[in-house]
Amino acid sequence: MTGPAPVLAIDIGGTKLAAGTVGPDGEIVAYDRAPTPAGDDPEILWNALEALLDRIPAEGAAGVGVGCGGPMTWPAAEVSPINIPSWRGFPLRERLRARYPGMPVRVHNDAVCVAVAEHWRGAARGRGNVLGMVVSTGVGGGLILGGRLIDGAGGNAGHIGHVVVDPEGPPCGCGGRGCLEAIARGPGLAAWARGQGWRHDQADPTGADLAADAREGHPVAAAAMRRAGRALGIAIASATHLCDLEVVAIGGGVSQAGPLLFVPLEEALRAHARMDFARRVRVVPAALGQTAGLVGAAALIHEGGRYWNRRTRNGAPAE
Ligand code: ADP
Ligand code: ZN
């Protein structure tokens, strides 16, 4: 092979496992996916991941980049993804290092990887100060300031989903109350609408069903989307003031509702972001689709100078 070697990239979610090789410009060279097995045996999931990885050629790869649902210890990456109950403290990085001896293995939160991908190759390309968000089953994010990924003390910076937008709001899966995620996550907005009398043919209607009804003019469905959009706008206004953001890129299933979400979002954002610097922020849909997580995971290796800032105690870059 000529040119810089590709990176083996892995994206581990509650619904699917995806893996591929990603070239130095973010292009996906090989790609495959498999459903995430249910059950409580951690080795069944690991075996499914290995079976998937057996189908991806990794010889000569520059390293292994991984996005995985949080929380996790970091950078050691003992992972306990909320949506994958069989992995609790699962030593993901250690297992991958044993499988790919001699290669750097870097694991980060999956939403952080999506934010990195949007900064590297997507809607926030060329901007120095960016919040990347995923609004789907949960609400996650990643923060890039001064052109570099911000990790925080334990790799958890960017957790916009747990910014409080309504202290009297619904309880959140994190144990708190009124977090953005509790209001704007797909299942949360469908649950709120049901509580307000919204009914649907489906026994267990989703955020997508709700958005479809809102588009048809159903008043409660439309109100649910407005409520989610407003919560997003309030959280983004706060984040903008705190971080002096230029661009916020939003992806994830719920963002596919389009104007139903983005119009009330903009209204709330403009109502709360009044100072000149804050008014300049732009909110845009994410540009990369389903593969954003893989592209961002690969960037942890390809663009480690910007996106893998972890330092050892003596200041040397961590592997
Ligand atoms: P995951 O959470 O597994 O990453 P997605 O990004 O597809 O998956 O997000 C799933 C959530 O997004 C579900 O709650 C679903 O109801 C919601 N959703 C999917 N499509 C739409 C849509 N067009 N409008 C509103 N919500 C949607
Ligand atoms: Zn929360």
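Heads up: numbering here begins at 1 and tracks the sequence. Atoms within each ligand, like the ligands themselves, are counted from 1 in listed order.
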- Protein heavy-atom partner closest to atom 21 (C) of ligand 1 - residue, atom, separation in Å: Gly253 O, 3.1 Å

- With a distance cut-off below 6.0 Å to the six-membered ring centre and an angular limit of 45° from the axis, does Arg95 pair with Trp46 as a cation-pi contact? yes

- Message: Quick one about Gln202 and Asp209 (side-chain donor to acceptor, distance below 3.5 Å, no hydrogens or angles considered), yes or no?
- Response: no

- Item | Short side-chain donor-acceptor distance under 3.5 Å, Asp25 and His302 | no

- Message: Considering non-hydrogen atoms of the protein only, which is the closest contact for atom 10 (C) of ligand 1, and what is the distance?
- Response: Thr137 OG1, 3.9 Å

- Donor-acceptor pair, side chain of Arg279 and main chain of Arg274, under 3.5 angstrom: yes

- Note on the structure: Here the atoms of ligand 1 under 4.0 Å from any heavy atom belonging to Thr15 are 3 (O)

- Would you check whether Gly13 reaches within less than 4.0 Å of ligand 1, judged by its heavy atoms? no

- Is any side-chain heavy atom of Leu45 closer than 4.5 Å to a side-chain heavy atom of Phe90? no

- Does an N or O anywhere in Ala208 fall below 3.5 Å from an N or O of ligand 1? yes

- Message: Give me the nearest non-hydrogen protein atom to atom 25 (C) of ligand 1 as residue plus atom name, then the distance to 0.1 Å.
- Response: Gly207 O, 3.4 Å

- Under 4.0 Å to a heavy atom of Pro187 - the qualifying atoms of ligand 1, by number: 14 (O)

